[in-house]
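What follows is one structure encoded as structure tokens, with my remarks underneath.
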Amino acid sequence: MQTLNPDGWPRPKGYSNGVAAEGRMVFIAGMVGWTAQERFEAEDFTGQAEQALRNIVAVLAEAGGRPEHLVRLTWFVADKREYLDCRASLGAAYKAVIGRHYPVMSVIEVKGFIEDGAKLEIEATAVIPS
């Protein structure tokens, strides 16, 4: 996997501008912050984000992948301000689940989610080396 950052561009914090990878592609549906039993144990944004990331890692493991194989995360958040206000705790939760691997990421504010009580949803793409 190769991180892509054009010369002269500042190094992004908490994500990558681009990633090039070869191998088996894995696409993971949007994961909300509920448990495998479809229950929200956390009501706060950070707690739900941590659970959503754990869900992504669990699905990725089914394909034989690990967090360092993630190449893209797309975050859909219900409240941009809530996301921005918890960046410190969110960063700690991210590192606890994913580590210091930073794939390409986008964050998009949306009106709502199908699952009542969800504060966010995260889609993932991974490439497991051949």
Side-chain angles (χ1 to χ4, degrees):
M1 190 174 307
Q2 176 189 7
T3 300
L4 308 172
N5 197 55
D7 286 341
W9 286 29
R11 183 180 172 102
K13 295 179 177 122
Y15 67 96
S16 294
N17 284 314
V19 173
E22 292 184 32
R24 180 177 183 210
M25 296 184 70
V26 179
F27 302 92
I28 301 172
M31 295 287 147
V32 296
W34 63 16
T35 64
Q37 294 73 37
E38 299 183 346
R39 280 185 244 126
F40 288 102
E41 292 181 351
E43 292 183 21
D44 65 300
F45 189 92
T46 299
Q48 286 195 16
E50 185 170 357
Q51 182 61 55
L53 291 168
R54 280 194 213 115
N55 295 343
I56 288 167
V57 169
V59 173
L60 181 55
E62 287 295 305
R66 297 184 307 274
E68 62 266 25
H69 298 138
L70 291 166
V71 295
R72 174 184 293 275
L73 294 175
T74 304
W75 297 61
F76 300 94
V77 302
D79 185 340
K80 174 179 120 176
R81 181 57 39 208
E82 186 175 26
Y83 168 82
L84 292 171
D85 288 346
C86 70
R87 282 182 289 184
S89 63
L90 186 57
Y94 179 92
K95 288 176 191 162
V97 178
I98 305 297
R100 293 190 174 275
H101 172 68
Y102 302 106
V104 171
M105 290 191 220
S106 297
V107 179
I108 303 160
E109 185 176 38
V110 298
K111 184 176 178 182
F113 303 100
I114 298 299
E115 294 82 11
D116 290 332
K119 294 183 173 282
L120 69 141
E121 186 170 318
I122 308 171
E123 287 183 345
T125 305
V127 178
I128 302 171
S130 302

Test item: [X] and [Y] side chains (from C-beta on) under 4.5 Å apart, heavy atoms:
X	Y	answer
Tyr15	Val107	no
Val77	Phe45	yes
Val59	Met31	yes

*Is Arg24 reaching over with its side chain to a backbone N or O of Ala63, donor-acceptor style, under 3.5 angstrom?*
yes
*Residue pairs fulfilling side chain to side chain donor-acceptor pair (under 3.5 Å) with at least one residue in residues 49-62, sequence neighbours excluded*: Glu50-Arg54, Gln51-Arg54, Gln51-Asn55
*Can you run down the side chain to side chain donor-acceptor pair (under 3.5 Å) pairs that involve residues 100-128, sequence neighbours left out, and say none if there aren't any?*
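Sorted result for residues 100-128: Glu82-Lys119.
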If every non-hydrogen atom of [X] is compared with every non-hydrogen atom of [Y], which pair is closest and at what distance?
X	Y	value
Ile128	Gly64	CD1-C, 3.9 Å
Val19	Pro103	CG2-CA, 4.5 Å
Pro67	Leu60	N-CD2, 4.0 Å
Val71	Ala21	CG1-CB, 4.1 Å
Ser130	Gly23	OG-CA, 3.4 Å

Between [atom1] of [X] and [atom2] of [Y], what distance do you get to the nearest 0.5 Å?
X	Y	atom1	atom2	result
Ile98	Glu68	CD1	CD	9.5 Å
Thr46	Arg87	OG1	CZ	12.0 Å
Ile122	Tyr94	CD1	OH	9.5 Å
Met1	Glu22	CE	CD	11.0 Å
Asp79	Leu84	CG	CG	9.0 Å
Arg11	Asn17	CZ	CG	10.0 Å

Determine whether [X] and [Y] fall in the same hydrophobic cluster, where Ile, Leu, Val, Met, Phe, Trp and Tyr are linked whenever their side-chain heavy atoms lie under 4.5 Å apart.
X	Y	answer
Leu70	Leu90	yes
Met105	Val57	yes
Leu73	Val32	no
Tyr83	Leu120	yes

*Is the number of heavy atoms from other residues, nucleotides or ligands within 6.0 Å of CD1 (Ile108) greater than 12?*
yes
*Keeping to residues at least two apart or across chains, list the ring pair (Phe, Tyr, Trp, His ring centres under 6.0 Å) pairs with something in residues 19-39.*
Trp34-Phe40
_Member of Thr3, Val104, Asn5 meeting the side-chain contact (heavy atoms from CB on, under 4.5 Å) criterion with Pro12_ = Asn5
